Amino acid sequence: MSKEKKVIFSEEKCKGCQLCTTVCPVKIISMSERINSHGYHPAEVKDQEACLACGQCAIICPDVVIKVMKPE
Amino acid sequence: MSKEKKVIFSEEKCKGCQLCTTVCPVKIISMSERINSHGYHPAEVKDQEACLACGQCAIICPDVVIKVMKPE
Amino acid sequence: MKEVAGKPAALTDKPFHYCPGCTHGIIHRLTAEVIDELGIREETIGIAPVGCSVLAYEYFDCDMHEASHGRAPAVATGVKRVHPDKVVFTYQGDGDLASIGTAEIVHAANRGENITTIFVNNAIYGMTGGQMAPTTLIDQKTKTSPAGRSRELTGSPLKISEMLSVLDGVTYLERVSVHDTKHIIKAKKAIKKAFEIQLAGKGFAMVEVLSTCPTNWGMTPIEAMKWLEENMIPIYKPGVLKDIEDGE
Amino acid sequence: MKEVAGKPAALTDKPFHYCPGCTHGIIHRLTAEVIDELGIREETIGIAPVGCSVLAYEYFDCDMHEASHGRAPAVATGVKRVHPDKVVFTYQGDGDLASIGTAEIVHAANRGENITTIFVNNAIYGMTGGQMAPTTLIDQKTKTSPAGRSRELTGSPLKISEMLSVLDGVTYLERVSVHDTKHIIKAKKAIKKAFEIQLAGKGFAMVEVLSTCPTNWGMTPIEAMKWLEENMIPIYKPGVLKDIEDGE
Amino acid sequence: MGEKVLMKGNEAIAEAAVKAGCRYFFGYPITPQNEIPAYLSWRLPEVGGVFLQAESEVAASNMVYGAAGAGARVLTSSSSPGISLKAEGISYIAGAELPAVIVNMMRGGPGLGGIQPAQSDYFQATKGMAHGDFHLLVLAPSSVQEAVDLTIDAFALADKYRNPVMLLADGMIGQMMEPVEFTREIDPETLPDKPWATNGAKGREKNIINSLALDPAELEKHNLKLKAKYDQMKEEEVRFASKGLDDAETVIVAYGTAARIAASAIELARQVGYKVGLIRPITLFPFPEEIINQTADKVANFLTIEMSTGQMIEDVRLAVNGKKPVHFYGRTGGMIPSPEEIFEQIKIIGGAKE
Amino acid sequence: MGEKVLMKGNEAIAEAAVKAGCRYFFGYPITPQNEIPAYLSWRLPEVGGVFLQAESEVAASNMVYGAAGAGARVLTSSSSPGISLKAEGISYIAGAELPAVIVNMMRGGPGLGGIQPAQSDYFQATKGMAHGDFHLLVLAPSSVQEAVDLTIDAFALADKYRNPVMLLADGMIGQMMEPVEFTREIDPETLPDKPWATNGAKGREKNIINSLALDPAELEKHNLKLKAKYDQMKEEEVRFASKGLDDAETVIVAYGTAARIAASAIELARQVGYKVGLIRPITLFPFPEEIINQTADKVANFLTIEMSTGQMIEDVRLAVNGKKPVHFYGRTGGMIPSPEEIFEQIKIIGGAKE
Amino acid sequence: MVKEDIIFAGFGGQGVMLMGRLLAYAGMKEDRHVSWMPSYGPEMRGGTANCTVIVSDKEIPSPLTSKADIVVAMNLPSLLKFLDKVKPGGKLFINTSLIEEDVARDDIEVIEVNANDIALEVGEGRVANMVMLGALINKVGIVKMDTIKSSLSDVLSKRNHDLLEVNKQALDNGAKLV
Amino acid sequence: MVKEDIIFAGFGGQGVMLMGRLLAYAGMKEDRHVSWMPSYGPEMRGGTANCTVIVSDKEIPSPLTSKADIVVAMNLPSLLKFLDKVKPGGKLFINTSLIEEDVARDDIEVIEVNANDIALEVGEGRVANMVMLGALINKVGIVKMDTIKSSLSDVLSKRNHDLLEVNKQALDNGAKLV
Ligand SMILES: Cc1ncc(C[n+]2csc(CCOP(=O)(O)OP(=O)(O)O)c2C)c(N)n1
Ligand SMILES: Cc1ncc(C[n+]2csc(CCOP(=O)(O)OP(=O)(O)O)c2C)c(N)n1
Ligand code: SF4
Ligand code: SF4
Ligand code: SF4
Ligand code: SF4
Ligand code: SF4
Ligand code: SF4
Ligand SMILES: [Mg+2]
Ligand SMILES: [Mg+2]
């Protein structure tokens with residue numbers, strides 16, 4: 001298992017729309033308690049290891065918040 | 001046979017387009033030698049008696065020149 | 001003696017200003033005859049376009065409103081919404097309806113505006129001296145397509161009636177022609193139906209009438225009738241494009 | 001580590017100004033990804049509309065021309081005729097394309113203008129605060145149809161893609177949606193094809209993308225996705241409406 | 001009626017139109033006037049009227065043209081770019097001598113510009129709206145209450161002259177809330193008949209609504225007839241408000257929002273001894289030339305304040321006719337001048353005081 | 001080149017555009033300018049250019065907007081009602097600072113009006129063309145040769161200022177034939193590059209053509225930038241012709257067709273001792289204020305002649321600034337004033353002679 | 001200063017515009033100032049067409065004229081329309097092939113040309129206009145007949161160049177009439 | 001002359017527009033001159049919303065203000081945007097439930113209101129705006145609290161009338177804070 005994050009959120013860009021949470025096959029995305037400078041609770045993945053790097057979240061994210069990396 | 005004309009041309013309105021001449025089943029419409037005040041040779045029917053009062057000429061005349069009367 | 005053909009009451013005595021053999025005159029007469037037959041002259045408001053028939057307001061003996069170029073359907077909408085119980089028709093050329101006025105006819109049609117549209121397609125801009133219309137045929141020479149209309153540069157003849165008939169708001173749409181008496185009689189039937197649909201409150205009805213422009217086509221009236229038949233009919237096939245009543 | 005998803009190069013770093021969950025952002029990204037994949041960023045000129053995506057010129061990292069409301073196809077025509085070797089696309093909302101810009105899209109399509117149009121149909125005027133669009137559904141409440149859209153007064157949802165697909169100049173026209181990832185992936189394919197058709201010089205290609213407007217629909221983004229699926233999809237059926245290559 | 005309510009300018013205008021007996025609205029959305037159509041979309045059906053969102057401004061102005069020809073009191077509203085699109089239609093309405101009321105809630109331009117308040121469509125409203133020799137009668141409210149009153153008057157003036165009337169305001173007037181009272185209400189049924197309207201030629205000669213005259217002599221006659229109307233407006237309809245002209249050395253000329261702010265500035269200035277007066281044109285066409293010209297005999301100079309780079313100033317200069325200097329201060333693009341800025345200008349013109 | 005040919009004004013303008021290196025035309029038919037598109041429909045393809053008849057004037061002006069943004073020298077032409085429809089697009093072109101040339105072959109208005117020559121779009125051309133603070137540079141030829149020369153200059157001026165330039169003439173200039181010489185020909189390949197154009201961001205930052213500025217401060221900055229251009233035009237581009245100013249007691253101010261006829265009238269008047277001069281503005285914006293203002297110091301009065309009910313007279317009065325009376329004589333709706341009529345006016349103003 | 005204002009009027013189709021253009025063109029070739037101004041607009045439709053030509057030694061102020069030195073009326077409606085436009089002492093050319101009416105003015109010189117008849121003699125009815133122009137030039141001499149003839153090939157559209165000779169013949173025959 | 005210029009600012013959704021309207025409405029009921037001017041346009045989208053209310057004994061010249069007597073900042077971005085707008089000696093109300101930062105001015109009076117927390121105490125997070133308004137009225141007294149309360153039913157849209165009591169409670173609880 002890689003030490004690097006598989007799914008990276010540009011938190012400042014996140015608008016807390018929650019769409020990503022609906023598509024994750026392993027339901028690991030949740031909304032953070034934090035508020036970013038635009039006043040939104042950003043999405044986050046705490047359990048990076050569970051991520052399948054399937055990209056679904058990035059596909060539906062309207063704000064290009066999410067980068068997904070797959071170990072090669 | 002009626003003494004009245006069956007087909008009446010408002011000569012001043014005629015623009016000499018000749019369309020009526022093409023539809024008369026008995027080919028009795030011809031263009032007159034006269035020139036009306038607009039400079040057109042108006043259409044005329046000399047042989048009124050041959051007229052079938054079929055109305056074809058009036059149907060195609062673009063300038064509402066022709067009145068067709070049918071003996072009752 | 002009975003008058004079997006003559007001037008309908010819904011036409012004034014004013015002689016048409018149209019060129020010799022121009023079929024605008026026939027279409028005017030048919031429309032007026034229909035108005036007479038339906039007995040609606042005193043209930044009717046006609047909208048004249050900008051095009052050769054710009055002076056239609058002088059010929060129809062009913063209330064008339066001169067529109068700006070292409071906007072007759074919008075003007076008609078304004079009139080009809082104020083007088084929903086009156087009969088409102090537009091009379092429009094192909095430049096007017098199918099070019100500058102595209103948005104207005106599409107939306108009046110889609111709204112199912114309860115009006116009647118007589119669309120006179122002569123494949124050219126008559127009034128301004130013979131420029132290309134959206135309905136001009138491929139290779140047809142006009143003042144602005146001097147080498148003939150090029151499909152590559154300007155596209156194909158716009159089949160606006162086919163296009164409009166897709167819209168839900170259109171109740172009845174038929175294409176007719178006036179190049180011979182048989183077709184003229186059919187044209188009148190279509191125009192009558194288009195008014196009847198309005199009278200029944202059934203929505204938007206339009207009749208496309210293929211028409212000639214001897215002057216700008218550079219032909220005699222007789223040649224023009226033939227040209228229409230031989231060249232336009234194959235592209236713009238007459239027939240009912242939509243008739244909601246027929247379940248079509 | 002390989003990046004399987006992220007910001008395409010054809011997007012700038014500027015954060016979108018769109019409301020949370022607005023699918024304009026998805027459609028931007030898909031378009032940018034296609035531009036990247038085709039390697040045409042330096043050849044592409046995008047035309048931004050007037051609508052919520054008015055600032056699209058800040059987001060796409062290629063040459064951009066801001067159109068006036070509805071006239072993107074005309075602006076695109078101007079650009080494309082000057083640079084026939086470049087790639088020109090318009091990105092337009094439903095108010096922009098299907099209402100004020102009806103004439104421009106019809107004629108660009110009919111001319112077979114060799115451009116690509118991304119048509120974002122969210123059944124409402126987003127930017128101006130939620131007025132009725134021609135594509136608004138029957139009974140849908142908007143700022144200007146507060147009692148719900150009435151078919152009687154304003155007609156049915158305008159199926160402009162069905163209407164345009166009748167035109168000869170249209171080479172490819174597909175309707176897609178972005179309400180779930182499966183559809184998003186399909187949408188991208190369609191957008192890609194629409195650009196490829198332009199690159200091949202084959203004429204007018206358009207993709208209608210069903211999109212949400214959580215703000216003016218008065219829903220959460222998740223609800224909006226569902227509403228789109230349940231209400232828009234039955235009226236605006238996704239699928240290929242025209243594909244000349246397929247002989248359809 | 002007669003009770004004070006707190007309303008947005010746009011909504012107040014919409015309600016005023018209803019009170020004026022207007023039952024038809026055709027328009028197209030644009031910021032910052034969207035509250036007008038939004039309001040009328042429920043309000044008109046309530047009173048048996050018709051609200052229709054047109055497919056475009058071009059269509060809207062032609063729907064208005066049709067409805068006005070059909071004899072209705074009819075309203076349209078838009079903001080700057082939308083008004084430009086209505087230009088041709090408005091020229092037709094004027095040419096065919098039809099009454100109609102047009103609201104322009106101005107925003108910054110040119111082009112797409114911005115959506116914040118501006119006064120940069122003055123030229124368009126008062127002079128070059130479109131092709132041909134014609135004028136709108138242009139009313140410029142500077143408060144919500146005045147917007148209401150002028151809207152009601154607008155319909156009457158439109159009918160009186162058979163001429164389109166424009167209510168010219170800016171985003172601020174449209175967006176702000178102020179208390180308003182509606183003291184008049186007109187039942188459209190009681191309005192005088194329009195015998196020229198296209199409503200079916202039953203038992204009368206047919207009516208024609210038209211602006212075409214192919215014979216130049218006829219068209220000239222028509223142009224002169226129109227001109228006579230504009231001259232009559234100049235005689236009968238000029239409106240303005242003024243303040244402090246008795247002792248003023250400097251007179252500010254400003255309309256609408258700019259005039260409100262100028263009034264603030266004048267207060268600041270008077271507190272420290274600058275004798276400043278205000279002429280606030282309420283009709284922009286006809287322009288209150290006479291009062292300005294007369295005032296020019298008494299004061300030292302004028303200062304025109306506009307939310308533009310300078311448009312009305314030409315009319316002010318024409319009225320002053322060289323008698324006194326006419327200065328200008330403007331902000332544009334949605335920037336609103338502050339009373340302090342204007343006060344600065346007064347100081348520059350008026351010299352040191354105290 | 002350099003040989004005299006007899007050409008219609010419209011065709012001469014079309015050829016002049018080609019000579020100016022213009023390769024793109026987008027327009028929509030309307031009388032009395034149809035010879036321009038007709039000519040270019042064969043001429044442009046001949047030189048590798050594009051002629052496209054747009055679906056409407058609205059579309060045409062937006063095609064021009066696109067082509068201008070893409071870096072082309074581009075022309076559109078129309079007549080009065082068509083120009084009104086182009087208004088919004090023209091405002092965008094000006095707002096986005098793009099060069100383009102627009103011909104308005106004026107006809108009588110308002111509305112559909114007539115198709116005979118008129119000058120009743122002066123206000124529209126010089127002031128209120130559309131929403132927002134902007135100006136066109138307006139050139140007014142009074143002969144076919146001048147139409148040619150000004151058309152060629154128009155493209156250069158449009159590029160110099162990145163601003164739309166209007167050639168404002170009337171049906172008479174467009175329809176008449178006069179001998180013309182083409183002495184200049186510009187190969188578009190040799191024109192300087194337009195680094196701001198949208199032609200693909202290859203090896204450079206992307207370009208944006210735009211007139212939107214949501215931030216009012218930014219839009220104001222833009223407005224002031226535009227204003228600076230108009231001020232520069234006022235400095236650098238004023239053109240006029242004059243005649244007989246040395247000894248004139250009355251000076252006629254007239255442009256285009258009206259100026260030709262005024263020149264005839266002046267001859268008649270001078271024959272019987274009236275000292276009459278002529279100032280013929282060639283640029284209507286920027287307006288030749290200075291010469292008029294200076295002349296006002298020397299002459300007794302002015303007479304403005306227009307084929308309208310009076311539009312340019314406002315600019316004349318602004319320039320004269322109250323120094324001397326400014327009289328007006330106009331014909332409208334397609335009526336052309338005769339030299340004799342103007343002579344009558346001269347007599348009325350100048351008093352009995354002989 | 002020599003300045004001639006000439007109005008040519010007739011039916012559309014009679015070639016009156018061409019007569020005018022030819023005269024103007026010839027004037028230009030002789031380095032005179034010239035202008036040609038047509039009537040335009042929908043009135044052309046079946047109605048009369050006319051143009052005004054001015055040939056002058058000085059700059060031409062207005063290309064229109066309120067009173068013409070010469071009016072050429074190719075048919076009756078044109079005669080009726082333009083009779084009043086001939087200035088006192090001016091000349092009126094009428095095409096007697098189509099105009100039988102008498103001219104009700106005695107302060108002008110009337111020149112009668114049976115243009116259509118002569119044209120038919122040349123074997124081409126369409127060149128009545130050239131017959132008339134020939135008569136005009138011979139009578140008034142605004143420009144040289146040679147210049148007119150040498151201008152023909154420039155002014156006639158290419159597809160009518162086969163008619164060049166007939167046109168010249170018509171000009172000559174017209175000239176002979178007066 | 002009494003004239004108060006007040007700016008209310010916060011996120012769209014925090015009800016800042018309503019606070020302003022309620023104050024203006026109450027002012028109107030007390031026969032004062034009032035104006036309410038919102039920010040408008042696409043910046044609303046997710047950004048800050050704000051409105052300016054002026055209550056005065058005289059006619060109100062400009063409905064906008066360059067320097068406000070009072071600024072109400074319901075969140076941090078609003079505070080940052082409007083801090084400079086408070087005139088020296090003026091008052092700044094900040095919603096400390098969402099703003100932790102200190103205010104970097106000492107020429108103004110800062111009133112801290114933990115509006116969201118108090119609102120939650122009332123059992124309805126959405127009425128933080130009324131908590132703040134209650135504090136404001138109690139502190140500054142532009143209009144009477146009773147007028148505010150009696151205006152509520154006119155200003156609140158009908159579908160929120162079930163919240164009338166909660167709103168009043170929030171106003172009272174806010175008032176108690178200062
Ligand atoms: C806004 C505007 N644009 C252009 C014109 C010029 N114009 C008059 S009629 C016409 C087109 C006429 O063609 P069509 O509609 O096909 O009618 P037709 O004359 O062939 O019957 C045009 C372009 C105008 N009057 N107004
Ligand atoms: C000429 C003109 N008319 C109207 C407007 C106002 N306006 C801006 S965007 C818009 C409609 C936006 O709706 P849509 O095209 O569906 O885009 P969306 O915002 O929904 O993405 C309107 C009417 C304008 N800017 N210009
Ligand atoms: S990449 Fe797939 S598994 Fe990983 S967080 Fe995103 S949706 Fe969930
Ligand atoms: S989809 Fe994107 S913007 Fe929405 S919550 Fe997830 S990461 Fe944030
Ligand atoms: S009515 Fe029939 S038969 Fe008689 S003239 Fe006409 S076409 Fe011929
Ligand atoms: S169809 Fe009519 S206009 Fe034509 S020739 Fe016959 S009668 Fe005359
Ligand atoms: S120009 Fe054509 S359409 Fe117009 S009247 Fe003549 S023939 Fe008919
Ligand atoms: S208003 Fe609607 S379309 Fe516009 S950004 Fe917000 S959600 Fe998207
Ligand atoms: Mg046509
Ligand atoms: Mg939309």
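Every chain is numbered from 1, with letters handed out A, B, ... down the list of sequences. Only heavy atoms go into these numbers, but all of them, side chains included; no hydrogens, no water, no symmetry mates. Quick caveat, the model's predicted, so the values are computed rather than measured.
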> Is atom NZ of B:Lys27 surrounded by more than 12 heavy atoms (other residues, nucleotides or ligands) closer than 6.0 Å?
yes

> Can you measure from CD1 (C:Ile184) to CD (B:Gln56) and round to the nearest 0.5 angstrom?
8.5 Å

> Which atom pair, heavy atoms only, marks the closest approach of C:Ile26 to B:Ile60?
CD1-O, 3.1 Å

> Set out, in order, the CA-CA distance, both residues' side-chain angles and the distance that settles side chain to side chain contact (heavy atoms under 4.5 Å, CB included) for C:Met225 and B:Leu19, then state yes or no.
CA-CA 9 Å; C:Met225 290 298 211; B:Leu19 289 175; 3.6 Å; yes

> So which part of C:Leu30 gets closer than 4.5 Å to some heavy atom of chain B, the side chain, the backbone, both or neither?
neither

> Between the main-chain N or O of C:Tyr18 and the side-chain N or O of B:Lys15, is there a donor-acceptor pair closer than 3.5 Å?
yes

> Side-chain contact test, heavy atoms from C-beta onward, threshold under 4.5 Å: evaluate it for C:Thr23 versus B:Pro62 and give yes or no.
no

> Which bit of B:Ile66 is near chain C, if near means a heavy-atom gap under 4.5 Å: side chain, backbone, both or neither?
backbone

> Shorter than 4.5 Å, heavy atoms on both sides: which option in C:Pro8, C:Pro214, C:Ala224, C:Gly25 has the most such pairs with chain B?
C:Gly25

> In terms of heavy-atom proximity below 4.5 Å to chain C, should B:Lys70 be classed as side chain, backbone, both, or neither?
both

> Got a second to check how far B:Ile8's CD1 is from C:Glu3's CD, nearest 0.5 Å?
8.0 Å

> Starting at NZ of C:Lys7, measure out to CG of B:Asp63 and round the result to the nearest 0.5 Å.
13.5 Å

